[in-house]
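Data first, discussion second: the structure below is written as structure tokens.
Quantities reported herein were computed from a predicted structural model and do not represent experimental measurements. The analysis underlying the following values was restricted to heavy atoms, covering all of them including side chains, and did not include hydrogens, waters or symmetry mates.
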Amino acid sequence: MTIRVNGARIVGSLQKIAMSLSKVEAKQLLERMIFNADLPQSWAQDVWDMSPTLGETAAKLVDILEALMDCCPEEQLNNLLQGLYHDRM
């Protein structure tokens, strides 16, 4: 599994480096896992373009995800990343 954070490639075991990720880097990784290459707001806009009703829900989801990541301690974000990484392997 290869992931990019701030232009640097992270290859292999995220478990070894996850504890050293900053909160910003952890948030970026989680957003990439969810939205792939899109920015969350771009994803919500794409959904809106297909269906305004679903787009409104997508925008709320993006806002709630951002709020949750902001209030979640760095260690918990890293633990979440580790768990998700192991589930994908």
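Residues Gln45 and Asp49 have side chains that bring a donor and an acceptor to within less than 3.5 angstrom of each other.
Note that CH2 of Trp48 is 9.5 Å distant from OG1 of Thr57, once rounded to the nearest 0.5 Å. The CD atom of Gln76 sits 9.5 Å away from the NZ atom of Lys23 when rounded to the nearest 0.5 Å.
Between Glu66 and Glu31, the closest heavy-atom pair is OE1-OE2, 3.6 Å.
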Exercise. Do Glu25 and Glu74 pass the side-chain contact (heavy atoms from CB on, under 4.5 Å) test, and can you show the C-alpha distance, the side-chain angles, and the key distance before you say yes or no?
Worked result: CA-CA 10 Å; Glu25 292 168 327; Glu74 187 174 309; over 6 Å; no

Exercise. Under the side-chain contact (heavy atoms from CB on, under 4.5 Å) criterion, do Val62 and Phe35 qualify, and how do the steps go?
Worked result: CA-CA 10 Å; Val62 167; Phe35 303 108; 4.1 Å; yes

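The hydrophobic cluster containing Leu39 does not contain Leu29, counting ILVMFWY residues as joined when their side-chain heavy atoms lie under 4.5 angstrom apart, directly or transitively. A chain of hydrophobic side-chain contacts below 4.5 Å, direct or via other Ile, Leu, Val, Met, Phe, Trp or Tyr residues, connects Trp43 to Ile34.
Each of Val24, Leu30, Leu21, Leu68 was compared with Leu77 under the side chain to side chain contact (heavy atoms under 4.5 Å, CB included) criterion, and only Leu30 meets it.
Distance alone, capped at 3.5 Å, places no donor-acceptor pair between the Lys27 side chain and the Ser22 backbone.
By the 4.0 Å N-to-carboxylate-O rule, Glu56 lies close enough to Lys60 to be salt-bridged with it.
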